[in-house]
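See below for the structure under consideration.
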Amino acid sequence: MSAMTTPLLSAKDRTAAVVALLAEATTPQERAVVKRVALQGRFLWRCHPCRKNQFLTTDACGCGAERPQGLV
């Protein structure tokens, strides 16, 4: 049996996926679950100084903090 690997999605595609899921979430609980799963799957990043979630296509937070190294 050969191991199959799935190529990583680009940051733009991952951001689009999160946006689509958040648009369909109708309750605060659903939005919280989407955000939590997106953070764990590295589809979002969290600014450590202000704790706001950011999309991968964002290089810096509004507070001025840079995106952590290693997130592509």
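The figures here come from the full heavy-atom set of this structure, side chains too, leaving out hydrogens, waters and symmetry mates. Just so it is clear, the model here is predicted, and its values are computed rather than measured.
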Task: Shortest non-hydrogen contact between Thr58 and Trp45, atoms and distance - done: O-NE1, 3.2 Å
Open item on the list: Quick check on the hydrophobic clustering: are Phe43 and Val37 connected, directly or via other members, by side-chain heavy-atom contacts under 4.5 Å?
Closed with: no
Task: Minimum heavy-atom distance Arg67-Leu56, with the two atoms named - done: NH1-O, 2.5 Å
TODO: List the atom of Glu24, the atom of Glu30, and the distance in Å for their closest heavy-atom pair.
DONE: O-OE1, 4.3 Å
Open item on the list: How close do Ala38 and Val18 get, counting heavy atoms only, and between which atoms?
Closed with: CB-CG2, 3.9 Å
Task: Hydrophobic cluster membership, Leu21 vs Val33, 4.5 Å side-chain cutoff - done: no
Open item on the list: As an exercise, state the distance from CZ of Phe55 to CG of Leu44, rounded to the nearest 0.5 Å.
Closed with: 6.0 Å
Open item on the list: Testing the basics here: between Glu66 and Ala60, what is the closest heavy-atom pair and its distance to 0.1 Å?
Closed with: OE2-CB, 4.1 Å
- [ ] Examine Leu39 and Leu22 and state if one hydrophobic cluster contains both, with Ile, Leu, Val, Met, Phe, Trp and Tyr joined whenever side-chain heavy atoms are less than 4.5 Å apart.
- [x] yes
Open item on the list: Could you report the tightest heavy-atom contact between Gln54 and Cys61, atom names first, then the distance?
Closed with: NE2-SG, 3.4 Å
